[in-house]
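Numbering of ligands and ligand atoms starts at 1, following listing order.
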Amino acid sequence: MSHFPRVARGVHSYPRDDSDPAPLGLGVVGLHEGRTALLAAYRTRSVRPVAGCDLDPATRAEVGAEVPDVAMTASYAELLARDDVRIVGVYTPDHLHAEHIVAAFEAGKDVVCTKPIVNDFAAARSVLAAARRTGRRLLVGQSTRFFESFRRQRAAFERGEVGDVEVVEAHYTHRMDWYYDRAPWIVDGTDWVYLGLSHPLDLLRWYLGPIATVSAVGARSALARAHGCASYDIYSVNATTADGRIGRVFGHYGTHELPRARNSIECVLYGSDGTSMAQYHDMRYLHTAPDGTEVVEDMLYEYRHYHFNNEVHGMHYGEFANYLQYFADALRSGAAHSPDLVEGIETFCLMEAVRRSALTGGAPVDVVSLVEQVSS
Ligand SMILES: NC(=O)c1ccc[n+]([C@@H]2O[C@H](COP(=O)([O-])OP(=O)(O)OC[C@H]3O[C@@H](n4cnc5c(N)ncnc54)[C@H](O)[C@@H]3O)[C@@H](O)[C@H]2O)c1
């Protein structure tokens, strides 16, 4: 195992691995969360940032000063016209993802799109149609999967250490007042089911496979009401697979956090041979050993500079670097990757089913028929 430096010295201080003689060029549109993607690319072996695009001149100037060797533009068409852009990273507000993905596919680029890839039916159809037409590939940037503790949990699951997973329980809770202030489109341009809840719903789908039915209830917290938020910001979800396995998801975005008691994202696997839990922001992986002992693996001090770059927890450098490298490897080798567009659209249908069920007060919604409607 490689060891990471325990002192972060600035945005480019992370040791660069320049062993790949021909890294793939990354162009990013939307430079708030997308700034992290540009910086994270320096942490990978096989991806290098070459271009950034944002409509806001102040953002372009600030990010451009951090990455002087990256070309900045206000024109997405200009970014797409560059031959050195091989992968386009889409980090614009949710409702713009589809048009930015379709344009990238049409320009012959493969795409990393942050979660959620889309947040409505028409957008899902247009992205699927463009992928079929152009043959381009897309990775959904489900960052939680690529956080170190969640990677360890997954590797142990794949080694069979928890046996058959019988129940998955996942949550993401976080007080989001800062986000209302910064990104006004979240008030009426999307739904918390596509924002925060996309993380635990993706984890459910990752471990249980296709979900057959969901039943969900929702409510608005005092924080959501104060900001005039159109969607519910509290969700409780029960899900079942066709063969009767169970998933539970909880999300609360107006909560007063109790981080010692509950991490903001947790995923618990209850399996036939053991139980495991991965946590974020703390970087812990807890699991049963074969003799029943509870084992706690705490990797925060080893990996925090890689994942957080000495900024506040939650900046996603390590997760974005991990998924960029993973996608570059898949593009080079032709190997399948996950979550790809088809899986991402299925998870979109799961999110949409949750939203619809909650609006009816908990009536079950058939996810499979939504997937068929989108894909037909
Ligand atoms: N864990 C994660 O992976 C994670 C975390 C936070 C946000 N996100 C996702 O990232 C996306 C962006 O979120 P954010 O918080 O950065 O939003 P934001 O509103 O703070 O930033 C969006 C940026 O896109 C720019 N922009 C808007 N329209 C544009 C256009 N047509 N062309 C070029 N630039 C344009 C804006 O000027 C702004 O700088 C969302 O889809 C969000 O869900 C993912």
Side-chain angles (χ1 to χ4, degrees), residues 27-40 51-64 66 71-80 88-104 111-120 123 127 138-147 150 172 174 176-203 231 233 251 253 264-265 280-281 307-308 311-324 326-327 339 344 347-348 351:
V28 170
V29 60
L31 294 181
H32 188 270
E33 205 61 31
R35 162 194 173 271
T36 308
L38 284 178
L39 293 170
C53 170
D54 200 289
L55 294 181
D56 178 39
T59 302
R60 286 199 306 277
E62 272 171 39
V63 178
E66 287 187 277
M72 289 289 149
T73 176
S75 160
Y76 187 43
E78 201 175 282
L79 179 145
L80 293 180
V88 171
V90 175
Y91 294 86
T92 44
D94 296 0
H95 59 280
L96 298 174
H97 291 178
E99 71 175 80
H100 288 143
I101 295 166
V102 171
V111 172
V112 169
C113 180
T114 185
K115 41 57 57 182
I117 22 176
V118 290
N119 65 1
D120 77 54
V127 171
L138 180 144
L139 173 80
V140 188
Q142 290 288 171
S143 53
T144 309
R145 290 190 187 196
F146 294 86
F147 196 62
F150 289 76
Y172 176 28
H174 199 169
M176 290 292 194
D177 34 4
W178 56 277
Y179 206 24
Y180 287 111
D181 295 341
R182 208 203 61 226
W185 54 269
I186 66 166
V187 169
D188 54 9
T190 189
D191 189 295
W192 277 107
V193 84
Y194 294 115
L195 292 162
L197 212 69
S198 63
H199 293 281
L201 288 172
D202 172 67
L203 295 170
S231 88
D233 70 333
Y253 305 103
S264 64
I265 303 180
Y280 169 101
H281 298 137
H307 279 273
F308 304 132
E311 297 179 9
V312 292
H313 283 192
M315 295 310 289
H316 303 311
Y317 294 93
E319 297 96 296
F320 288 11
N322 287 342
Y323 70 54
L324 287 171
Y326 168 72
F327 192 44
T347 305
F348 153 73
M351 295 187 253

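- Under a 4.0 Å N-O distance rule, the pair Arg145/Asp202 qualifies as a salt bridge.
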Worked check of side-chain contact (heavy atoms from CB on, under 4.5 Å) between Thr144 and Leu203: CA-CA 8 Å; Thr144 309; Leu203 295 170; 4.2 Å; yes

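- Applying side chain to side chain contact (heavy atoms under 4.5 Å, CB included) to Ile117 and the options Leu139, Asp94, Ile101, Val90 leaves one that passes, Ile101.
- For ligand 1, one of its N or O atoms has an N or O atom of Glu33 under 3.5 Å away.
- Nearest non-hydrogen protein atom to atom 9 (C) of ligand 1 is Thr114 OG1, 3.4 Å.
- Protein heavy atom nearest atom 2 (C) of ligand 1, with residue, atom name and distance: Ser143 OG, 3.6 Å.
- Scanning the protein for heavy atoms near atom 24 (O) of ligand 1, the closest one is Gly30 CA, 3.4 Å.
- Comparing Thr92, Thr144, Asp94, Asn119 by heavy-atom distance to atom 42 (C) of ligand 1, the nearest is Asp94.
- The closest approach between a heavy atom of Tyr91 and any atom of ligand 1 is below 4.0 Å.
- In this structure the side chain of Asp233 never reaches within 4.5 angstrom of the side chain of Met176, judged on heavy atoms.
- The closest protein non-hydrogen atom to atom 21 (O) of ligand 1 is His32 CB, 3.4 Å.
- Using a distance-only test at 3.5 Å, with no hydrogens or angles considered, no donor-acceptor pair links the side chain of Asn119 to the main chain of Thr190.
- Regarding atom 14 (P) of ligand 1, its nearest protein heavy-atom neighbour is Arg182 NH2, 3.4 Å.
- Between Tyr280 and His316, the two ring planes are parallel [angle under 30°; tilted spans 30° to 60°].
- The nearest heavy-atom contact from the protein to atom 19 (O) of ligand 1 is Trp185 NE1, 2.6 Å.
- Counting heavy atoms under 4.0 Å from ligand 1, residue Phe320 touches it through the side chain alone.
- With a 4.0 Å cut-off on non-hydrogen atoms, Tyr179 touches ligand 1 through its side chain and not its backbone.
- Looking only at distances, a side-chain donor or acceptor of Ser231 sits under 3.5 Å from a matching main-chain atom of Trp192.
- Heavy atoms of His100 found under 4.0 angstrom from ligand 1 belong exclusively to the side chain.
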CA sep, side-chain torsions, deciding dist, call: Tyr194, Phe348, side-chain contact (heavy atoms from CB on, under 4.5 Å): CA-CA 8 Å; Tyr194 294 115; Phe348 153 73; 3.4 Å; yes

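- Counting the atoms of ligand 1 from 1 in the order shown, those under 4.0 Å from a heavy atom of Lys115 are 2 (C), 3 (O), 8 (N), 9 (C), 41 (O), 43 (O), 44 (C).
- Close contacts between ligand 1 and Leu96 involve ligand atoms 28 (N) [criterion: under 4.0 Å to a heavy atom].
- Counting only non-hydrogen atoms, the option in Leu55, Thr36, Asp56 that gets closest to atom 34 (N) of ligand 1 is Leu55.
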side-chain contact (heavy atoms from CB on, under 4.5 Å) between Asn322 and Phe147, worked out: CA-CA 8 Å; Asn322 287 342; Phe147 196 62; over 6 Å; no

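- Taking every non-hydrogen atom of Pro93 and a distance limit under 4.0 Å, the qualifying atoms of ligand 1 come out as 22 (C), 24 (O), 27 (C).
- With a heavy-atom cut-off of 4.0 Å, His199 touches ligand 1 through its side chain alone.
- Counting only non-hydrogen atoms, the option in Asp54, Ile186, Val28 that gets closest to atom 37 (O) of ligand 1 is Asp54.
- Side-chain atoms of Ser264 and His174 include no donor-acceptor pair closer than 3.5 Å.
- Close contacts of ligand 1 with His97, meaning ligand atoms under 4.0 Å from a residue heavy atom, involve 41 (O).
- The structure places NZ of Lys115 at 8.5 Å from CE of Met351, a figure rounded to the nearest 0.5 Å.
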Test side-chain contact (heavy atoms from CB on, under 4.5 Å) applied to Leu80 and Val88, step by step: CA-CA 8 Å; Leu80 293 180; Val88 171; 3.7 Å; yes

